[in-house]
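For reference, the structure is listed below as structure tokens.
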Amino acid sequence: MGNPDRGRALAAVALAQFMATLDMSIVNVALPAIRAGLGVDPSALPWVVNAYALFFGGFLLLGGRAADVFGQRRLLVLGTAVFAAASLVGGLARDPWQLIGARALQGLGAALMAPAALALLTLTQREGPERARALGVYAAVSAVGGSLGVLAGGLLAEYAGWRWVMLVNVPFAVAVVALAVRAVPPGAFAGVRGRLDAVGAVLATAGVGALILGVTRTEGHPWTSTTTLLTLAGAVALLIAFAWWERRAPEPLVRLELLAHRSVSGANLFMLLLCAGQFAAFYFVSLYLQQVLGLPGARAGLAFLPMCLAVVIGIAASTRLLRRVRVRPLLIAGGLLAAAGFLWLGLAIGPDSGVAAAVLAPSVPTGLGIGLCFVPLTAAATGGLPRHAAGTASALLNSARQIGGAIGLAALVTAQVAVTGGREEVSATTDGYGVGLVLAGACLLAAAVVGAVVLPRASRTAVDA
């Protein structure tokens with residue numbers, strides 16, 4: 001058995017994670033073009049976004065455990081192949097149900113691909129500065145993928161057609177498979193002996209799926225509606241049953257003692273709050289630029305560029321600082337800086353505000369703060385753990401990202417709608433977006449508190465594990 005090619009392995013991991021995060025936001029700006037091109041009913045249009053989030057979040061724990069059992073290389077290749085096939089089907093769709101089905105299949109592929117990719121990174125990259133740099137690359141594509149998705153979706157929809165929002169994934173996926181096959185020899189990190197916990201997989205997938213389904217439908221079914229309450233109650237019951245079963249299963253899907261590590265539980269809670277604020281803020285800013293300031297999709301996407309660049313700078317800085325500074329202070333500083341940026345955005349936007357003052361300027365501290373967080377979070381969530389837990393730990397972190405994004409978007413949109421109160425004036429719409437952005441800042445402030453209270457002062461990370 002040969003040694004892995006660490007450079008190609010990192011490239012495969014980075015591309016895989018970039019695709020998974022890109023597709024969480026790339027269709028958002030393209031939704032009007034998709035609706036016009038396929039004749040999607042307005043009530044079904046949100047499912048172009050929600051189907052991906054539902055299947056991605058629902059199957060992540062199963063994907064993470066499958067990577068540990070069957071091997072990270074095998075699951076990365078399988079998940080990427082599913083993702084590519086779904087992207088091709090979606091790009092060639094002739095009916096709305098075909099596109100929504102393809103988005104769901106993309107989510108399943110991403111759920112197999114993403115935890116295997118992060119686990120492969122921690123297994124192939126050497127401890128110390130090399131692993132720190134690799135985590136920096138991974139964090140950069142994770143953080144920038146969502147921002148670039150908005151930019152790429154606007155440009156592709158306007159200049160190439162909405163179908164390329166789906167088809168653009170195919171060459172990326174081919175590159176991931178080629179790199180993974182060449183970089184990691186067959187049999188390397190082949191997995192652990194054991195079986196997949198079928199009962200745990202069903203309970204976890206159904207529970208997380210019901211939770212995401214409940215919160216993503218709150219625009220049509222309010223939080224107090226019978227439909228939403230029953231869905232969320234079912235999700236809680238399924239997740240309680242999952243925890244009960246995992247304590248008794250001979251080979252559990254998730255060993256719950258993982259969450260006893262304060263660095264793991266703290267990092268996952270921080271990620272949940274970070275993504276709750278970030279996903280909602282991207283949604284509000286995108287709509288503000290198009291609906292209030294009247295920017296076309298491409299220009300609205302370009303307005304996210306300063307934030308993308310600031311995120312990259314923040315990640316580069318945190319990668320260097322992590323060699324000398326512990327996780328905890330970096331996360332507190334990043335959370336506070338991002339919270340201040342979101343607060344600035346919420347207070348700066350107005351019906352007649354200029355793009356530079358209202359969006360571009362506050363995007364810089366926001367992006368820097370977000371960038372400072374991702375490398376320490378990834379390091380804390382996956383470091384100091386045995387190899388056979390790498391896929392599961394990676395899946396937990398990705399699950400926190402998906403659940404946080406879904407819950408944050410649903411909750412903050414509810415608050416925004418309550419402020420708007422059905423009024424259609426531009427001033428009312430802007431007030432609603434402003435309150436949503438301020439609440440996004442509150443999510444990041446809560447994340448900083450988690451960093452200060454939950455995370456240990458000297459956590460052992462994937463950099464020095």
Side-chain angles (χ1 to χ4, degrees), residues 10 13 17 118-119 121-144 257-278 310-341 365-387 389-390 392-394 396-398 400-401 404 443-465:
L10 176 58
V13 167
Q17 184 64 16
L118 179 54
L121 181 149
T122 60
L123 295 174
T124 57
Q125 306 301 308
R126 290 182 294 205
E127 299 169 7
E130 180 179 289
R131 190 176 292 176
R133 286 192 295 272
L135 286 171
V137 172
Y138 176 88
V141 298
S142 298
V144 174
E257 54 265 29
L258 263 181
L259 296 175
H261 292 260
R262 286 178 61 193
S263 60
V264 174
S265 56
N268 277 275
L269 183 54
F270 194 111
M271 178 66 84
L272 186 146
L273 290 165
L274 168 63
C275 290
Q278 181 188 356
V311 167
V312 173
I313 293 170
I315 286 170
S318 68
T319 303
R320 291 180 175 274
L321 289 170
L322 198 58
R323 302 171 196 172
R324 302 187 298 273
V325 181
R326 285 289 179 178
V327 163
R328 190 167 170 266
L330 279 176
L331 288 178
I332 294 171
L336 291 175
L337 187 57
T366 302
L368 286 173
I370 291 172
L372 282 175
C373 294
F374 271 93
V375 177
L377 277 177
T378 306
T382 59
L385 301 174
R387 282 191 167 191
T392 304
S394 305
L396 283 171
L397 189 64
N398 275 291
R401 184 198 308 271
C443 291
L444 269 294
L445 183 61
V449 172
V450 168
V453 175
V454 179
L455 285 166
R457 291 181 178 274
S459 57
R460 193 166 179 241
T461 70
V463 175
D464 51 21

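Sequential numbering from 1 along the given sequence is applied to the chain's residues. Nothing here was measured: the structure is a model prediction, and the numbers come from that model.
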* To do: Give the intermediate values and the outcome of side-chain contact (heavy atoms from CB on, under 4.5 Å) for residues V454 and F270.
  => CA-CA 9 Å; V454 179; F270 194 111; over 6 Å; no

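- To the nearest 0.5 angstrom, I313 atom CD1 is 12.0 Å from S318 atom OG.
- Here the side chains of V450 and L455 are not in contact, with every heavy-atom distance at 4.5 Å or above.
- Nearest heavy-atom pair, P365 versus L337, reported as atom, atom and distance to 0.1 Å: O-CG, 3.5 Å.
- The CG atom of L336 sits 10.5 Å away from the CG atom of L331 when rounded to the nearest 0.5 Å.
- The shortest non-hydrogen separation linking C373 to P376 is O-CD, 3.2 Å.
- A distance of 10.0 Å separates OG1 in T366 from CD in Q278, rounded to the nearest 0.5 Å.
- Remark: A267 engages L377, A380, A381 in a side-chain contact (heavy atoms from CB on, under 4.5 Å) (not counting sequence neighbours).
- Residues C275 and R401 come closest through the heavy atom pair SG-CG, 3.4 Å.
- Scanning all heavy atoms of the two residues, the minimum distance from R262 to V453 falls at NH2-O, 3.3 Å.
- For the atom pair OH of Y138 and CD1 of I315, the computed distance is 11.5 Å after rounding to the nearest 0.5 Å.
- For the atom pair CG (L330) and CZ (R324), the distance works out to 10.0 Å, reported to the nearest 0.5 Å.
- Every side-chain contact (heavy atoms from CB on, under 4.5 Å) that V312 has, sequence neighbours left out, goes to V144.
- Distance check, rounded to the nearest 0.5 Å: CG of L372 to CG of L322 gives 11.0 Å.
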* Asked: So L10 and L121, side-chain contact (heavy atoms from CB on, under 4.5 Å) or not? Walk me through it.
  -> CA-CA 6 Å; L10 176 58; L121 181 149; 3.9 Å; yes

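- Side-chain atoms of L274 and I370, non-hydrogen and from C-beta on, do get closer than 4.5 Å to each other.
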